[in-house]
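Structure record follows, encoded as C-alpha cells.
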Amino acid sequence: MSSVQLTAGICSRLADTSELNDDLLDSKPTVQILSVKKVGSASGPNTNDRYRAIVSDGEHFFQAMLATQLNKLVDSGEITKHSIVSIDKFTCNKVQEKRLLIILDMHVIIQEHDKIGNPVNAGEQATPAVQKTPALGAPTTASSSTIPQTTTNPPKRQGSTPAARGKGTPFPIEGLSPYQNHWMIKARVTNKSDIKVWSNQRGEGKLFSVVLMDDTGEIKATGFNAAVDTLYDKFEEGKVYWISKAKVQLAKKQFSTLSNEYELQLDRSTEVEECHDTTGLPTIRYNFVSLGSLEEHPKDSIIDVIGVVTDIASPSEFTNRLGRQSVKREITLVDRSGFSVRCTLWGKHAENFNHPGNPIVALKGVKVSDFGGRSLSTTGAVAIDVDPDIAESHALRGWFDAGGNNEQFKAQSNSFGGGGGSSTFSREEIRSLNDVKDSGLGTSDKPEFFSARATVMHVKNDNIAYPACPTQGCNKKVFDQHDGWRCEKCDRSYERPEYRYIISLAVADYSGQLWLQGFNDLGLALFNKPANDVVEAKDRDEAEFNKIMESAIGVTYNFTCRAKQDTYNDQTRVRYGVQKIIPLNYKEEANYLMGLLSTPWAQ
DNA sequence: CCCCCCCC
C-alpha cells in the first residue's frame, strides 16, 4: 500500500526502564496510532479534554498521552485510528518502573492506513505489570484500565536539597497526579498573583498563586497564610525553580482557567529552589488564535493571542459591584488578519503596561468577551509577554513596520459596546439603502446590523453637540450652574464642559437615502476636529461654522450600522445608528474589485 | 480548610 517504515523497536526501547538518553529523545520515531481516546474527567462542561493514544511500531504497542496543545490534531480528524505519525518531540514519565510516553509534538505522515502487523504490549513485555487500583471515583489524567495506576518511584536521592538532587530528570508537570507523592518538577513561573486577603463568615486569611510551566504542561500552585510568608517573595515571574513536596489535588475549576485537572497546594514543607540551568524549558508555549477568527471563539473561552499594540489607554480606577477598587486599562491589538481587537488589562497588569511605541504583545490565557462584538479581557492566570523573542513576534514586527501599520483594520470590538455579533464591516455584505428600508431590517425586538457604502448628503446643524462631563469615560450631560458645570453622575462641578457630538445625518447611495444617528466618534470622523472646536466656531463666526459643516458633505464612507426599532411619542419607527464609519481606502477597494473580476461569474 | 478575575 505504501512504503512507510515504522521505527523498528521503538516501543520496546521506550518501555525499557533504563535512563532516557538524548539519542532516543531526538530520534523522531515514526509510529502507527492504534487508538486515540478522550480521557474523561470528573468536572463539568468546562473540562479540558486530553487524549490517550496507543502507538505501535508494528511489533509492539505502547501507551501515550498527548500534550493538550495536540488536541486539535485529533479534534480536527487529522489524526485518527491507524494514522502514521512522526513523533517530533516527546518525554517519558516513569511510573513504577514503567514508562508512559508523553507526546509533545507530532505530525501526520499518512492519515489513513491499514493496521500494520499484530503488535503486542511493549509495557507488559518489559516488566510484569503492577496493578494498583486508584481510589474509587477519583479522576486521573492518565488513568485507564491498561495504564498501571501507581505511585511514582521516588527520584534517586543524591542529597537533601532540591538543588543537590537537581541533576536528575525532572518530573513532567503533565504527569502530576494525586497518586504521586515523590516528585520534583522543574518549572518556569509564568504568572504570579498579588497577595489576596479574604474575610468571610468562615474566617479570614491570605493567599497567592503562581502558574508553573514546563514543556509538558502547566499547573497552578496556591499557597495560603503561612505559605504566603515563606514563599511569596521566593517566586519571581519568568524564573525557573525546582519544586517538590507540594500537595497535588483536584483543581478548583471555578478559580482556574488552566488546562490541568490538578493543582498544587504549597505549604510549610514545600521546597522551592531557583534553578539557573533553564535548558529545555520553553519560555511560554502558545497556541495563538488569529484576531480575525475571534467570532469562532465563544464568549468566556480562554485563548492565546499575539498582536501589535496600536493603542494604549491610560489606566482608570473603578469600583466593582462588590465595592472593591480595581484598576483597568484598555489596549488595542492588530495582527496580519487585518482585524483589531480591544483587550482590557486588570490590576497590576493594567498598572504596569507602560510600553511606548507599538510593542508586540503575546497574551496567554485571555478571556473572550462579547462586549461590542468581540473583545478580550485578562484573567488572573494570564501571562503577558512584551516583544517576546519568538518567530510569530518577529514576523509581526516585520509585517507592521513594512506597511501593516497603514492598513485599515476591521474592528472586532466596536466603540459603542453592546453590539451583536455582526458589527464588523463586510464589503461582501454591503446592502443598498433602499433594500435596508424595504426589507424591514430592525423591526424585530433585537438590533440588526448591516454594512453600507454611502455618501454624506446633509448633517443636521442645529444641535450638533452637547456639553459633557470631562471625566474620561463618563460622557454624561452636564448642566451650567453659573459657578460651574455640574455632573450628576460624578457628583461634582467642572469649570468647563467637554462638548461631544450628537449627530443626525442623511446619507445616500445609488438606491436611495437614509437618516443615520451617531455620537462623538462619528462627528470626529466627519469633521476631523473635536466638538469643542465646532461649538466654539459656531459661537464666534457663523460663516466658519458653516464651512466646517459643508466640509463633511459629499464624502463617501463605508459604514457599519445598527437598525433598531424604538417608540417615541407613540410613534414606532426604525432608527439607524452608526456603529462604525470607515473612510474609503481606494487601494483596498480597487483590490477588492480586481478580485471580483477574477471570480468565475465575472468571466 | 481557605479565593470568586471585576467595567463599559
Side-chain angles (χ1 to χ4, degrees), chain A residues 43-44 46 191-211 220-229 231-232 246-247 249-258 263-268 270 299-303 311 313-332 341-351 363-384 411-420 423 468-469 471-476 489-490 500 519-521 579:
Chain A
S43 43
N46 232 349
N191 175 289
K192 174 179 156 180
S193 78
D194 295 328
I195 296 174
K196 272 167 255 188
V197 180
W198 85 89
S199 161
N200 59 28
Q201 58 270 54
R202 278 164 297 189
E204 54 189 43
K206 58 186 176 182
L207 71 111
F208 82 106
S209 64
V210 289
V211 177
K220 179 177 167 174
T222 305
F224 290 96
N225 303 321
V228 176
D229 300 330
L231 294 174
Y232 187 77
K247 192 172 158 200
Q249 55 191 191
L250 268 181
K252 294 182 177 62
K253 291 287 186 179
Q254 69 269 40
F255 304 133
S256 169
T257 52
L258 296 189
E263 64 188 27
L264 298 178
Q265 190 167 304
L266 309 168
D267 56 41
R268 236 175 294 257
T270 300
K299 172 173 150 59
D300 296 335
S301 54
I302 301 294
I303 58 168
D311 184 61
S314 327
S316 62
E317 276 194 28
F318 76 98
T319 308
N320 75 4
R321 72 194 132 80
L322 300 167
R324 219 195 312 270
Q325 286 281 111
S326 188
V327 181
K328 65 161 184 160
R329 185 204 293 265
E330 280 195 349
I331 60 173
T332 303
V341 71
R342 289 221 307 259
C343 177
T344 308
L345 310 177
W346 300 97
K348 68 172 200 259
H349 293 123
E351 287 167 27
L363 300 165
K364 181 167 186 62
V366 279
K367 192 159 81 174
V368 177
S369 140
D370 63 356
F371 182 74
R374 275 286 179 275
S375 52
L376 301 172
S377 180
T378 63
T379 63
V382 74
I384 298 181
Q412 291 284 21
S413 337
N414 69 59
S415 7
F416 302 99
S423 54
C469 175
T471 297
Q472 168 118 43
C474 175
N475 301 346
K476 205 85 177 126
K489 190 175 164 196
C490 298
R500 292 179 65 84
F519 296 95
N520 209 46
D521 290 10
Q579 293 283 117

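A, B, ... follow the sequence lines: proteins, then strands. Residue 1 opens every chain.
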(message) Nearest whole Å is fine: how far is B:dC1 C1' from A:Leu250 CG?
(response)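 Distance, rounded to whole Å: 16 Å.
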
Find every protein N or O atom lying less than 3.5 Å from an N or O atom of nucleotides 2-4 of chain B, and list the pairs.
residue	atom	partner	partner atom	Å
B:dC3	OP1	A:Asn200	ND2	2.2

(request) Report yes or no: does A:Lys220 contribute a side-chain atom to a donor-acceptor pair with the main-chain N or O of A:Phe255 at less than 3.5 Å? (result)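 It does hold such a pair.
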
(request) For A:Phe318, check ring-ring contact (aromatic ring centres under 6.0 Å, His included) against everything at least two apart and list the hits. (result)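 A:Phe318 satisfies ring-ring contact (aromatic ring centres under 6.0 Å, His included) with A:Trp346 once adjacent residues are dropped.
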
(request) Starting at OG1 of A:Thr257, measure out to CD1 of A:Ile302 and round the result to the nearest 0.5 Å. (result)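 Rounded to the nearest 0.5 Å, the OG1-CD1 separation comes out at 4.5 Å.
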
Between side-chain atoms of residues 200-208 of chain A and protein atoms elsewhere (two or more places apart, or another chain), which donor-acceptor pairs fall under 3.5 Å?
residue	atom	partner	partner atom	Å
A:Asn200	OD1	A:Arg202	N	2.9
A:Asn200	OD1	A:Gly203	N	3.2
A:Lys206	NZ	A:Asp229	OD1	2.8

(request) Would you indicate whether the side-chain heavy atoms of A:Ser375 and A:Gln412 approach each other to under 4.5 Å? (result)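 A side-chain contact under 4.5 Å is absent here.
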
(request) Would you please confirm or rule out a distance under 4.0 Å between OP1 or OP2 of B:dC8 and any side-chain N or O of A:Lys476? (result)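 Indeed not, no polar side-chain atom of A:Lys476 lies that close.
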
(message) Categorize A:Gln249 for me: base, sugar-phosphate, or nothing, with a 4.0 angstrom heavy-atom threshold over every strand shown.
(response)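 Result for A:Gln249 = sugar-phosphate.
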
